[in-house]
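Step one of this worksheet: look at the structure below.
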Amino acid sequence: MVHASPSTSSATGPVLPSAPSEPVPRAAGDGYRPEIQGLRAVAVLLVAVYHVWLGRVSGGVDVFLLLTGFLITGSLVRMVERRGRIDVVGFWTKLVRRLTPAAAVVLLGVLAATFLFLPQDRWRTALGEVVAAALYYENWKLALDSVDYLAQSTAASPVQHFWSLAIQGQFYLLWPLVVGAAAFAAARAGRSPRPAVAIALVLVFTVSLGYSVVMTGLDQPWAYFDTGARLWELALGGLLALALPYLRPPAWLRVLLGWAGLAALLSCGLLLQVSTLFPGYVALWPTGAAALVIVAGTSGSRLGADRLLRLRPLHYIGDISYALYLWHWPVLVCYLAVTQRTVPSLFGGACVLALSFVLAAATTRLVDSGVGRITRDRATPVRSLAIGLACLLPVLAGAGGWSWHLAEEQREREAFVADAANYPGALVLTGDGAERPLRDLPVYPDPAEASADVPVTYEDGCNQGTRSAEVLTCAYGADDPERTIALVGGSHAAHWFPALLRIAEQNDWRIVNIIKGACLFTPAEQRYRGEPYTTCHEWNDGVMAELAELRPDAVFTTATSSSIDSDAGFGGEVVVDGYLERWAELDRLGIDVLAIRDTPRFDFQAPECVATRGPEECAGSPTPSLAQTSPLESVRGVPDNVAFLDLNRYLCTGGRCPTVIGNVLVYWDNAHFTATFARTLAPVLEEEIRRVAGW
């Protein structure tokens, strides 16, 4: 899948390139600006072309953020100057009328395309993101996913590009209040509103840019979607709108500025890795480039860049740019899903763009002739709001109803799956299970629901994310336990929790969950996404203090770490640096260690493969993620308190690692057990624990 953001689940794009009914813009105090429509067209073409063929982002989103701030600030200031106030309700409802019809058409199309073209394992994610897109909080959903270790392998959603529209929607809620407050303060002081608004925008620009630079350095994937880290680009556009009437460069300088800005914009995505550097100070490149084009304006010279930007084809693309942006990404995602490609061919990409243009033109015409006819005489706030709700309700009803139907099916299946004769899972590989014939039943969990079949600790908020060093502990099982086991480590320790919980419930044991995403239980320095993982190191120190106070009977953790690449700082399967040191620390505390060998990882998503190709075609190989001979057989200096476990014989046999065992889907992604399968391992895991621990 082509990813268009710094995380695995996001795409960048223009913020409201041009709503279908929006007139050709006029600048603040500077008259007709035909080149802005051409600039919109260039930006949306860059976004689409970079997404389709280059698999990266272009900086076009930053251009549209600047344009949005430029146009809206100018509009609000002129409203204050004409009326003495801002009609906030009228402003908001007008935007609802303008923006929601086209977005609703696309979102309804996405729902249909999801059913027709996407594998079932992606339905639940797509439905959740359709709701987030319709309600303008998609950016925050993707921000949370960007720091959610378990969300990283999720394939691209057909609506993840709505994150930029969500930022704009939040800006529209905030900006009339900012401009209105500044204008009110100016009026109380008997002064012009423009200087007061300028001071307010400088403050927003300064604070937001500073925050953006800091957050981009600390957590760039989060900052990429953070509204606060993007507001400075909108404020910069607003400052440009206020300053433009005073900027009167000569014709020759207008020609130079226009071409310099256009060249800088076209080269930005080629020279910069936008998806990993933005939105810090580096985003001044595309926003500055767009500002140069706007300052250049109409040069009056036949050599000016504005002659290119005023061409009729570019103006038409500018007219449909909002709908073109809305359509190009879902068309691309569906094309890749149907063709099972990761990037389009040259011809396939051309077809994606061609279909996107057709759909954009049809959507623009439909909205103009539909909503335009209704509001042609008088668009009151009530009527505008009614139009917006009428457009959004079918989207929300469709996504909500479909989600409810999937949940009902899930509940019905859970009752049937409770019978181990139907879904024995790992038990089919034991002596007892092998004696019973396996019924031919649908795979459970359904690939479409697999991503939700995770340990209950994730739903309870008991697993720490990658950003915080706080040690979260949650106890499950008996209040007065015979044994207490602390489950400690990263997600590959966490996926044993359902099996441990079942054992605890049957034996009056207690399981204390102490998990942090992508963080191994070692004092050694670790890296996450290529950067030092400082919160993991701090968390590890906190865990040792917690264990010293808790004094469980044993700590259950991973004994090795498997990988198919070097992202974690190693390749293949190893006993990670610091494991022996950590185990020795526990020995000094009198705590036993149950260290289990890591499980395989694959270079494909198990649910998607099973949904599209069937279980028989989706067995993985134990190598290269697992060593042919367990590293535990040759490790030296193991403290006396450590006992090793290895259950990989229940996962891989004969050089094959099935993704479906005993009618149960083994993995919900490419490496983590489904909770259902993990529970089927409980009997063999309990037997191993009792054997090695002498319990």
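Since the model is a prediction, treat every value here as computed from it, not as a measurement. The analysis underlying the following values was restricted to heavy atoms, covering all of them including side chains, and did not include hydrogens, waters or symmetry mates.
Considering OG of S356 and CH2 of W329, their distance stands at 11.5 Å, rounded to 0.5 Å. Taking CD of E129 as the reference point, atom OG1 of T114 lies at 10.0 Å (rounded to 0.5 Å). The distance from the CZ atom of F556 to the CD1 atom of I514 is 14.0 Å, given to the nearest 0.5 Å. One finds the CH2 atom of W222 at 11.0 Å from the CG atom of L142 (value rounded to the nearest 0.5 Å). A distance of 9.0 Å separates CZ in F162 from CD in E138, rounded to the nearest 0.5 Å. Rounding to the nearest 0.5 angstrom, the gap separating the CG atom in N540 from the SG atom in C519 is 4.5 Å.
Under the 4.5 Å side-chain criterion, counting only non-hydrogen atoms from C-beta, P683 is in contact with L427. Using a 4.5 Å heavy-atom threshold, the side chains of I503 and L685 count as touching. Residues V443 and V664 fail the side-chain proximity criterion, which asks for heavy atoms closer than 4.5 Å. The shortest distance between side-chain heavy atoms of T342 and L336 does not fall below 4.5 Å. Looking at heavy atoms from C-beta onward, L487 lies in side-chain contact with L500 at the 4.5 angstrom threshold.
Other residues, nucleotides and ligands contribute over 12 non-hydrogen atoms within 6.0 Å of the CD atom of E409. In this structure, F115 places its CZ atom where only 12 or fewer heavy-atom neighbours from other residues, nucleotides or ligands lie under 6.0 Å away. Within 6.0 Å of atom CD in E408, more than 12 heavy atoms from other residues, nucleotides or ligands are found, so the atom counts as buried in its surroundings.
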Item to check | Worked verdict on Y423 versus T676 for side-chain contact (heavy atoms from CB on, under 4.5 Å) | outcome: CA-CA 9 Å; Y423 290 90; T676 300; 6.0 Å; no
Item to check | Pair H328-V47, side-chain contact (heavy atoms from CB on, under 4.5 Å): steps then yes or no | outcome: CA-CA 9 Å; H328 87 281; V47 168; 4.0 Å; yes
Checklist entry - How far apart are the C-alpha atoms of L406 and L127, what are their side-chain angles, what is the distance that settles it, and do they pass the side-chain contact (heavy atoms from CB on, under 4.5 Å) test? => result CA-CA 11 Å; L406 292 177; L127 292 174; 3.8 Å; yes
Item to check | Candidate pair E687 and R691, rule salt bridge (charged side-chain N to carboxylate O under 4.0 Å, His left out), full reasoning | outcome: CA-CA 6 Å; E687 181 180 343; R691 180 181 65 82; over 6 Å; no
Checklist entry - When you look at V610 and V660, which way does the side-chain contact (heavy atoms from CB on, under 4.5 Å) test go after all the steps? => result CA-CA 8 Å; V610 171; V660 175; 4.1 Å; yes
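Between the side chains of N463 and T457, at least one donor N or O lies within less than 3.5 Å of an accepting N or O. Side chains of S164 and Y325: a donor on one and an acceptor on the other come within 3.5 Å. Remark: the R502 side chain and the N507 side chain contain no N/O donor-acceptor pair separated by less than 3.5 Å. In this model, no donor atom of one side chain and acceptor atom of the other lie less than 3.5 Å apart for H492 and S561. Remark: the D598 side chain and the T558 side chain contain no N/O donor-acceptor pair separated by less than 3.5 Å.
Looking only at distances, no side-chain donor or acceptor of R341 sits under 3.5 Å from a matching main-chain atom of G348. Side-chain atoms of N663 come within 3.5 Å of backbone N or O of N422 as a donor-acceptor pair. The backbone N or O of A166 sits nowhere less than 3.5 Å from a side-chain atom of W140 that would complete a donor-acceptor pair. Distance alone, capped at 3.5 Å, is enough to place a donor-acceptor pair between the R636 side chain and the S634 backbone. The backbone N or O of C618 lies less than 3.5 Å from a partner atom in the side chain of T659, making a donor-acceptor pair. With hydrogens and angles ignored, the 3.5 Å screen pairs a side-chain donor or acceptor of Q526 with a backbone N or O of L520. No side-chain donor-acceptor contact under 3.5 Å links T674 to the backbone of W668.
Geometrically, R582 engages F521 in a cation-pi contact, judged by NZ or CZ lying under 6.0 Å from the ring centre and within 45° of the ring axis.
Under the 30°/60° scheme for interplanar angles, the aromatic rings of W163 and F225 are found to stand perpendicular. Using cut-offs of 30° and 60° on the angle between ring planes, the pair H495 and H672 is perpendicular.
For the ring-ring contact (aromatic ring centres under 6.0 Å, His included) test, residues two or more places apart in sequence or in another chain that qualify with Y476 are F497. Applying the salt bridge (charged side-chain N to carboxylate O under 4.0 Å, His left out) rule to E633 yields no partners; only residues at least two apart in sequence or on another chain are considered.
Within the structure, every pair that satisfies the disulfide (SG to SG under 2.5 Å) test and touches residues 652-695, not counting sequence neighbours, is listed here: C652-C657.
For the pair R597 and E573, the salt-bridge criterion is met [side-chain N within less than 4.0 Å of a carboxylate O]. The pair E688-R649 meets the salt-bridge criterion, since a charged nitrogen lies less than 4.0 angstrom from a carboxylate oxygen.
Aromatic pair F416/Y444: ring centres not closer than 6.0 Å.
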